[in-house]
Amino acid sequence: MEKVQFYGCYDFNKEWYLVEMMIDESSDDVDLYEFVVPEPELHENDWQCAYMEQFLNKKGTKKICRTYDEPDPGVQPCRVAFFIFKDAPKTLRTPYGEFKLAGSPMPDRLKSIIEFEED
């Protein structure tokens, strides 16, 4: 397995993308605050980061812990889904590389398991 499998950037609603990826690292070692959308006109501390992270099973068909929580014990590889505002720049920067944000239809398998709340 590659270090990261980027499954997709999905159109969740008019304002939000849902990003899904698998990372070949223990969930204990993945810091989702380092998954950011750089915006040159803002200070780094103000860049958007992953919102409402949700860890999924390896097939991406169910959640393995509560929203915002991390699996206990940690899992490897870890499959995670999280939200990013659509009006942000179109590049997600992570410790594992950069990924383009371009919406595609959300898979049916995620529609019934992903939670969302406006902040």
If you look at every heavy atom in [X] and [Y], which pair is closest and at what distance?
X      : Y      : result
Tyr51  : Glu117 : OH-O, 2.6 Å
Val36  : Trp47  : CG2-CE3, 3.7 Å
Pro105 : Tyr10  : O-CD2, 3.4 Å

query: Can you name the salt bridge (charged side-chain N to carboxylate O under 4.0 Å, His left out) partners of Glu34, sequence neighbours left out?
result: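 So Glu34 forms no salt bridge (charged side-chain N to carboxylate O under 4.0 Å, His left out) with any residue.
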message: Run the salt bridge (charged side-chain N to carboxylate O under 4.0 Å, His left out) test against Lys111 and tell me which residues pass, sequence neighbours left out.
response: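 Checked Lys111 against salt bridge (charged side-chain N to carboxylate O under 4.0 Å, His left out); matches are Asp108.
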Rounded distance (nearest 0.5 Å) linking atom [atom1] of [X] with atom [atom2] of [Y]:
X      : Y      : atom1 : atom2 : answer
Ile23  : Gln76  : CD1   : CD    : 10.5 Å
Phe12  : Met106 : CZ    : CE    : 5.5 Å
Tyr96  : Glu2   : OH    : CD    : 14.5 Å
Gln54  : Glu115 : CD    : CD    : 5.5 Å
Met52  : Leu18  : CE    : CG    : 10.5 Å
Leu110 : Leu56  : CG    : CG    : 6.5 Å

Is the shortest side-chain heavy-atom distance between [X] and [Y] below 4.5 Å?
X     : Y     : result
Phe55 : Ser27 : yes
Phe35 : Thr94 : yes
Leu92 : Met21 : yes

Can you give me every donor-acceptor pair (side chain of residues 79-87, partner residue at least two apart or in another chain, under 3.5 Å) with its distance?
residue : atom : partner : partner atom : Å
Arg79   : NE   : Glu20   : OE2          : 2.9
Arg79   : NH1  : Lys58   : O            : 2.6
Arg79   : NH2  : Glu20   : OE2          : 3.1
Lys86   : NZ   : Asp11   : OD1          : 2.9
Lys86   : NZ   : Asn13   : O            : 2.7

field: Residue list, side chain to side chain donor-acceptor pair (under 3.5 Å) with Glu39, at least two apart or on another chain
entry: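 Glu39 satisfies side chain to side chain donor-acceptor pair (under 3.5 Å) with no other residue.
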message: Once salt bridge (charged side-chain N to carboxylate O under 4.0 Å, His left out) is applied, what residue pairs with a partner in residues 92-103 remain, sequence neighbours excluded?
response: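 Sorted pair list: Arg93-Glu98.
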field: Same apolar cluster (I L V M F W Y, side chains within < 4.5 Å links), Ile64/Val19
entry: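 Looking at the clustering, Val19 is in the same group as Ile64.
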message: Do Val37 and Leu42 sit in one hydrophobic cluster, given that two such residues count as connected whenever their side-chain heavy atoms are within less than 4.5 Å of each other, even indirectly?
response: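 They do not share one cluster, since no chain of ILVMFWY contacts under 4.5 Å joins Val37 to Leu42.
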query: Got a sec, which pairs hit ring-ring contact (aromatic ring centres under 6.0 Å, His included) with one end in residues 59-81, sequence neighbours left out?
result: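 Sorted result for residues 59-81: empty, none.
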